[in-house]
There are 2 protein chains.
Amino acid sequence: MGERVVPEPDRRRRRPTKQGTVLSAEAIVATALRLIGQHGSEALTVRRLGAALGSDPSSIYRYFRNTDDLLLAIADELISRAQQGWRATGDWQADLREIGRRIHHAYQRHPRTAILAAYRTTGRAHEIRAVEVILGVLRRGGFPDAEAVRIYHAFVDQALAFAALDAAASALPSAARQADEDVWHRTYARLPAESHPHIAATAPLLVAEMRVSGYPAALELLLEAAAARLERPRGTAG
Amino acid sequence: MGERVVPEPDRRRRRPTKQGTVLSAEAIVATALRLIGQHGSEALTVRRLGAALGSDPSSIYRYFRNTDDLLLAIADELISRAQQGWRATGDWQADLREIGRRIHHAYQRHPRTAILAAYRTTGRAHEIRAVEVILGVLRRGGFPDAEAVRIYHAFVDQALAFAALDAAASALPSAARQADEDVWHRTYARLPAESHPHIAATAPLLVAEMRVSGYPAALELLLEAAAARLERPRGTAG
DNA sequence: CACCTTATGACAACGCCATTGACGTGTGAA
DNA sequence: TTCACACGTCAATGGCGTTGTCATAAGGTG
């Protein structure tokens with residue numbers, strides 16, 4: 001079977017669909033994001049995407065080798081959006097904090113897409129740029145290479161992991177989401193001190209704390225630990 | 001359509017399949033776990049499960065309302081297994097490290113259930129026990145309540161978030177998973193220093209580091225930061 | 001402008017998935 | 001022993017991603 005996808009730089013023709021749409025990879029990705037935003041991640045099927053585009057679903061295979069290829073393009077678009085407007089301040093902690101916040105935030109804006117995309121490694125332009133930027137922040141901040149890479153890894157995966165976790169929770173049907181949120185004061189806050197002394201002692205704090213994402217707290221802990229390592233280098237044994 | 005599933009306490013009959021197997025919910029769950037363990041998460045389809053059980057796949061619907069019901073039963077079994085054998089040592093760092101490792105590890109064994117369960121708050125017995133244990137470790141470790149709750153939140157969400165992230169990555173079809181893993185040496189390691197000086201300078205370190213989960217590194221950072229807070233309390237302003 | 005090549009969209013089909021309606025009969029209670 | 005019906009089975013439904021192939025419109029060339 002011949003290759004269906006013509007590499008983008010070689011593309012010469014534009015042919016409208018029966019419904020008048022002129023397709024492009026960008027249009028497909030934007031439509032996919034809209035479809036997910038409106039109907040959830042399960043709505044992303046080639047048939048529904050085709051309908052939303054005004055084309056036969058198989059045309060999508062002229063632009064993307066398979067649905068996985070499409071998903072990677074969607075993930076890259078999200079990474080692009082997270083980076084728009086960011087400028088380095090030179091303060092590595094402030095920079096990482098802002099980058100982490102943006103990554104997390106971008107995915108919360110598209111929770112259904114986050115569920116599909118956060119765990120992918122695309123090797124595409126926007127991701128490459130993000131990797132270069134974060135490593136740059138760490139290396140200019142004074143971290144030796146091995147430490148910079150290790151912290152980069154923990155930092156970026158944590159951001160993505162929390163992004164997906166929080167996105168998945170917020171993407172729940174509202175009844176299930178409400179039930180999960182209510183568990184802390186309906187169940188945990190009512191546990192007796194005899195059987196659960198630690199929960200009972202901290203219940204009001206738990207109810208307040210678990211209302212929000214754990215990411216800001218986790219990010220601060222990571223930044224504090226990184227700063228401590230910078231002050232007291234661990235040598236080459238790490 | 002009448003309800004297919006007879007509640008377990010009401011179950012009276014056992015009828016062998018054509019191949020001689022006598023089914024039960026427990027047998028189905030155990031077989032499903034074995035199937036996943038042997039062939040990966042993609043192998044868990046009702047057809048394959050039926051074949052492994054020596055029954056028609058639709059029989060499974062006599063025991064579970066749908067595949068989601070089955071997955072939650074598998075998750076329940078998994079949570080039970082993950083808690084077996086854990087004992088507090090009294091060293092809060094070692095205990096948290098082990099708990100985090102167990103949470104993460106349990107979910108990697110069954111990535112599909114991880115994807116479904118990691119972001120849920122169930123308020124069920126096993127979860128309650130885990131909350132009590134972790135808070136106990138922190139409070140006995142000397143953390144004041146507000147700090148204990150904050151660190152608990154960051155710790156448990158970090159573990160669950162990474163569990164889900166890594167599980168989702170490993171649940172990818174093998175071609176996609178391999179492609180993601182190859183990105184670091186196929187794409188990143190080949191970027192020129194002129195355009196990507198930081199990636200180029202750290203490429204061999206990146207290739208090695210990104211081969212494994214970021215969770216152990218993130219967990220160590222969290223534990224280091226928590227220890228530092230214990231040594232230098234931050235007062236009540238946190 | 002005419003001609004020609006072929007990229008592009010469309011259509012039909014394949015093989016797989018989870019699930020359901022309905023049937024046959026073996027299990028267990030009376 | 002009789003009888004009801006739970007249990008396993010079979011065939012079908014509706015959906016999925018993807019591919020082979022056809023028709024033709026787009027664009028390049030002379």
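Because only heavy atoms are used, hydrogens play no part in the values below, and waters and symmetry mates are left out as well, while side chains stay in. Per chain, numbering begins at 1; letters A, B, ... match sequence-line order.
Side-chain nitrogen and oxygen atoms of A:Thr45 include at least one within less than 4.0 Å of the OP1 or OP2 phosphate oxygen of D:dC16. Applying the 4.0 Å criterion to OP1 and OP2 of D:dC7, one finds that B:Tyr63 has every side-chain N and O outside that range.
Between the P atom of C:dA18 and the CG atom of B:Asp68 lies a distance of 13 Å, rounded to the nearest Å. A straight line from CZ of A:Arg11 to C1' of D:dG28 spans 18 Å, rounded to a whole angstrom. Regarding A:Phe64, its CZ atom lies at a distance of 15 Å from the P atom of D:dT19, rounded to whole Å. Between the P atom of D:dG17 and the CD atom of A:Glu42 lies a distance of 12 Å, rounded to the nearest Å. Going from atom CG of B:Asp10 over to atom P of C:dG28 covers 15 Å, rounded to whole Å. Regarding B:Ile28, its CD1 atom lies at a distance of 8 Å from the P atom of D:dG8, rounded to whole Å.
Between B:Trp184 and A:Tyr152, the ring planes lie perpendicular to each other; the angle is over 60°, past the 30° to 60° tilted range.
Residues A:Pro16 and B:Arg15 both approach DNA chain C. Their nearest nucleotides, taken by heavy-atom distance, put A:Pro16 toward the 5′ side. Position along DNA chain D of the nearest nucleotide to B:Ile60 versus B:Arg13 favours B:Arg13 as the more 5'-ward residue.
With D:dA23, D:dG8, C:dT19 as the choices, the nucleotide that has an atom nearest any side-chain atom of B:Thr17 turns out to be D:dG8. Candidate nucleotides D:dT9, D:dC7, D:dT18 were compared by shortest atom distance to the side chain of B:Lys18, and D:dT9 ranks first. For B:Arg12, taking side-chain heavy atoms from C-beta onward, the closest of the listed nucleotides C:dG9, C:dA29, D:dG17 is C:dA29. For A:Tyr61, taking side-chain heavy atoms from C-beta onward, the closest of the listed nucleotides C:dG9, C:dT19, D:dG17 is D:dG17. When the nucleotides D:dG20, D:dA26, D:dG8 are ranked by their closest atom to the side chain of B:Leu23, D:dG8 comes out on top. In the set C:dA10, C:dA18, D:dG17, C:dA10 carries the atom at the smallest distance from any side-chain atom of A:Arg62.
Looking at heavy-atom distances under 4.0 Å, A:Val46 makes contact with a base. Heavy atoms of A:Arg47 sit under 4.0 angstrom from at least one base atom.
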Chi angles and distances behind the salt bridge (Lys or Arg N to Asp or Glu O under 4.0 Å) call for A:Glu132, A:Arg129: CA-CA 5 Å; A:Glu132 179 70 11; A:Arg129 179 151 179 271; over 6 Å; no
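A side-chain contact (heavy atoms from CB on, under 4.5 Å) with A:Ser213 holds for exactly one of A:Asp166, A:Leu165, A:Leu219; it is A:Asp166.
Taking the centre of each ring, B:Phe162 and B:His104 stay at or above the 6.0 Å mark.
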Please report, to 0.1 Å, the donor-acceptor pairs under 3.5 Å made by any side chain of residues 66-76 of chain A, with sequence neighbours excluded.
residue	atom	partner	partner atom	Å
A:Asn66	OD1	A:Asp68	N	3.1
A:Asn66	OD1	A:Asp69	N	2.9
A:Asp68	OD1	A:Arg120	NH1	2.5
A:Asp68	OD1	A:Arg120	NH2	3.3
A:Asp68	OD2	A:Arg120	NH2	3.1
A:Asp69	OD1	A:Arg124	NH2	2.7
A:Asp69	OD2	A:Arg65	N	3.0
A:Asp76	OD1	A:His126	N	3.4
A:Asp76	OD1	A:Glu127	N	3.3

Side-chain donor/acceptor pairs under 3.5 Å, residues 26-39 of chain B, sequence neighbours excluded:
residue	atom	partner	partner atom	Å
B:Thr31	OG1	B:Ala27	O	2.7

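Side-chain to base pairing of A:Arg4 with D:dG20: one donor and one acceptor N or O lie within less than 3.5 Å of each other.
Remark: B:Arg14 CZ is packed, more than 12 non-hydrogen atoms of other residues, nucleotides or ligands lying under 6.0 Å away.
Stacking of A:Arg11 on the aromatic ring of A:Tyr63 is recorded, both the 6.0 Å distance cut-off and the 45° axial limit being met.
Within residues 48-59 of chain B, the residues having any heavy atom under 4.0 Å from DNA chain D are, by residue number, B:Ser55, B:Asp56, B:Ser58, B:Ser59.
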